[in-house]
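All values reported here derive from a predicted model rather than from experimental measurement. Chain naming here is simple, since letters A, B, ... match the order of the sequence lines and numbering starts at 1 in each.
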Number of protein chains: 2
Amino acid sequence: MQIGVIEVPTRKALLVQKIEEQILSGQLRVGDSLPSERQLQEETHISKTMIHAALVELEQKGFLEITPRRGAVVANYAESGTMETLNARIRLNGGNMTKKQARSFMEARIAIEGTALRLLARQHTDEDLAYLEAIIARADALLERDIPDDNALADTLFCYHRGICLRSGNEFFPLLLNEFRPIIMGFWLRSIAVFGAASNVHLAKRYLELIRAGDAEGAFHRLERSVNEYLSCLNEQ
Amino acid sequence: MQIGVIEVPTRKALLVQKIEEQILSGQLRVGDSLPSERQLQEETHISKTMIHAALVELEQKGFLEITPRRGAVVANYAESGTMETLNARIRLNGGNMTKKQARSFMEARIAIEGTALRLLARQHTDEDLAYLEAIIARADALLERDIPDDNALADTLFCYHRGICLRSGNEFFPLLLNEFRPIIMGFWLRSIAVFGAASNVHLAKRYLELIRAGDAEGAFHRLERSVNEYLSCLNEQ
DNA sequence: TGAGACAGCTGGTCGGCCCAGGTGATGTGA
DNA sequence: TCACATCACCTGGGCCGACCAGCTGTCTCA
């Protein structure tokens, strides 16, 4: 067994996590007021500087709404949240998405990556193809190893699909994928576990062929098909 | 002419902006080390606490990578960046997007909001419609005011379109819109300036009609059309 | 020559300062 | 009795200088 690196969390990170848990578990409800920074300081024995920094971080993540000189209330994070908020929710659930989240994720994937696939299939240079081929080569190298490294393969698949977005010419799509990163990594790990490593790499190659052939609709429908396969596989469990 | 609120920037914000500029202008390159917090303290005459807070903020934005007791280096923000990074880049450019960014933004809008429109048109409850109608009513109230408040209207339009994503049933879409928020707000302000306040509210009502009628493709194509109108209008300038 | 101590560096944290603005109790005048 | 002005108190926001713990390169001593 592997233990891996042990990192000491900072007090601030622990406080952020604690409050996140209280919010997500429902102990703190939307609209509830948090104790004042000075009260939290007394409770937790953490300095006001760090308390303040933690609350600001939670506000950026969309969990809190801080009004100067009024206090902090739990925000409606379903409405005001960002991807950070969602990542935190999934992380707290042990990294597992609910069925609805999984379906939402797949819809978003088709919307974003499907558009990128179409764009790239319609218009691409040899350089674009070489860029993607290089990543596929990395995946092939991983397949041939004696000891499988699912994490490395998932990372490579992530880079490949981000590469499609990157090369589609749209400046927003790759950034959106970065925002999703923890979720997408979890998805690929699961996909590798369910369909096998080779099958996933094979599918990646198929996308490249369709892009090279300029078959925008074919690439799009291939993505739709694989998404549906994954979702139906999820429903069986 | 309006002068508007004048806000005194904090030292921390100024420092963040300064470092962002240095990174985006290329004076600080990806991989470069930053001076230590103490060195920055001496240079800038700002306390170490604030220096530290500024660096943490830049790390959250994806510009820096901080390792405890080792220092901070400039991160590869083009690859690892998030929407935050993009927001910062646009803000630094005076809030103006490049043509390519504008086109990318519109593509992303069609991909995400277009999908949400389709979903909502196909499947919606009376409650969904009432939710959107309430926001439209807010917009109407703003239109009837003597003194136009473009910012408030842009905010209402943002809430309306986020509402479409929210009610589409997809958990990801509204979060993505929140991520874009500063960019979208800039877009609506410009759209109000170009097409007028009433025209924008009218268009919002049109979407609601199409949703109510269950005309998924009609709603989608209406969005495509308005996007193309905006882009061609941008090209004329 | 090599192992260990140590000094000097790093980011992380602390507690306290003052500020501006919001809130609610108190007191005052009509 | 009630409306209104006053004021003490509390809030978050920004900032400071000191201290802590841990890494690293150097320097010493066996």
Side-chain angles (χ1 to χ4, degrees), chain A residues 3-20 22-23 28 30-77 80, chain B residues 4-20 22-23 28 30-75 77 80 84 88:
Chain A
I3 296 203
V5 182
I6 295 182
E7 287 189 48
V8 180
T10 63
R11 289 167 211 273
K12 181 188 145 191
L14 287 171
L15 178 59
V16 166
Q17 200 188 325
K18 196 96 180 176
I19 297 178
E20 269 179 15
Q22 298 229 350
I23 293 176
L28 275 171
V30 173
D32 282 1
S33 284
L34 255 70
S36 77
E37 295 187 359
R38 284 165 176 85
Q39 262 176 283
L40 283 171
Q41 180 183 1
E42 254 183 72
E43 266 186 57
T44 60
H45 299 283
I46 295 178
S47 72
K48 190 169 125 19
T49 309
M50 287 299 115
I51 301 272
H52 182 66
L55 295 187
V56 167
E57 187 177 327
L58 285 164
E59 185 186 32
Q60 283 175 349
K61 284 190 181 177
F63 282 112
L64 296 182
E65 201 173 328
I66 303 175
T67 317
R69 288 170 286 280
R70 303 260 334 236
V73 300
V74 178
N76 183 355
Y77 51 88
S80 70
Chain B
V5 184
I6 294 183
E7 289 190 48
V8 180
T10 65
R11 289 164 212 272
K12 181 189 142 190
L14 288 171
L15 178 60
V16 166
Q17 199 188 325
K18 196 96 180 177
I19 297 178
E20 271 179 12
Q22 298 230 349
I23 293 175
L28 275 171
V30 173
D32 283 0
S33 285
L34 255 71
S36 78
E37 295 187 356
R38 262 160 264 265
Q39 263 175 283
L40 284 171
Q41 179 183 3
E42 251 183 75
E43 266 184 58
T44 60
H45 300 283
I46 296 176
S47 76
K48 205 175 93 58
T49 307
M50 283 302 111
I51 301 275
H52 181 68
L55 295 187
V56 167
E57 187 177 325
L58 284 164
E59 185 187 32
Q60 284 175 348
K61 284 191 183 176
F63 282 112
L64 295 182
E65 203 167 310
I66 301 175
T67 316
R69 285 171 287 278
R70 304 263 334 236
V73 298
V74 178
Y77 55 92
S80 70
E84 273 275 21

Could you list all N or O pairs between the protein and nucleotides 15-20 of chain D that sit under 3.5 Å apart?
residue, atom, partner, partner atom, Å
dC15(D), OP1, Arg11(B), N, 3.0
dC15(D), OP1, Arg11(B), NE, 3.3
dC16(D), OP2, Ser47(B), N, 2.8
dC16(D), OP2, Ser47(B), OG, 3.3
dC16(D), N4, Thr49(B), OG1, 3.1
dG17(D), O6, Thr49(B), OG1, 2.2

*Is the shortest side-chain N/O distance from His52(B) to OP1 or OP2 of dT13(C) below 4.0 Å?*
no
*Take atom CD1 of Ile66(B) and atom P of dC23(D), then tell me their distance rounded to the nearest Å.*
17 Å
_Applying side chain to side chain donor-acceptor pair (under 3.5 Å) as the test, list every pair that has at least one member in residues 42-51 of chain B; sequence neighbours left out._
Glu37(B)-Lys48(B)
*asked:* Whole angstroms only, please: what is the CG-P distance between Leu64(A) and dG12(D)?
replied: 11 Å
*Starting from C1' on dG12(D), measure out to CD on Glu59(A) and report it in whole angstrom.*
11 Å
_Contact under 4.0 Å: Arg69(A) side-chain N or O vs dC19(C) OP1/OP2_ = no
*Minimum-distance pair of heavy atoms, taken over all atoms of Ile51(B) and Ile46(B)*: CG1-O, 3.7 Å
*Distance, rounded to the nearest Å, where Ile51(A) contributes CD1 and dG16(C) contributes P*: 14 Å
*Taking CD from Gln39(A) and C1' from dC9(D), how many angstroms apart are they, rounded to a whole number?*
14 Å
_Considering only residues two or more places apart or on different chains, which pairs with a residue in residues 48-67 of chain A satisfy ring-ring contact (aromatic ring centres under 6.0 Å, His included)?_
Phe63(A)-Tyr77(A)
_Selected nucleotide, minimal atom distance to Pro68(B) side chain, candidates dA20(C), dG11(C), dG13(D)_ = dG11(C)
*Do Glu20(B) and Val16(B) come close enough that some side-chain heavy atom pair is under 4.5 Å?*
yes
*Measure the distance from CG on Leu55(A) to P on dG14(D) and round it to the nearest whole Å.*
13 Å
*asked:* Which heavy atom of Ile66(A) sits nearest to which heavy atom of Val56(A), and what is that distance?
replied: CD1-N, 4.1 Å
*asked:* How many whole angstroms separate atom CD of Glu37(A) from atom P of dT13(C)?
replied: 16 Å
*Heavy atoms of other groups near Gln60(A) CD, more than 12 under 6.0 Å*: yes
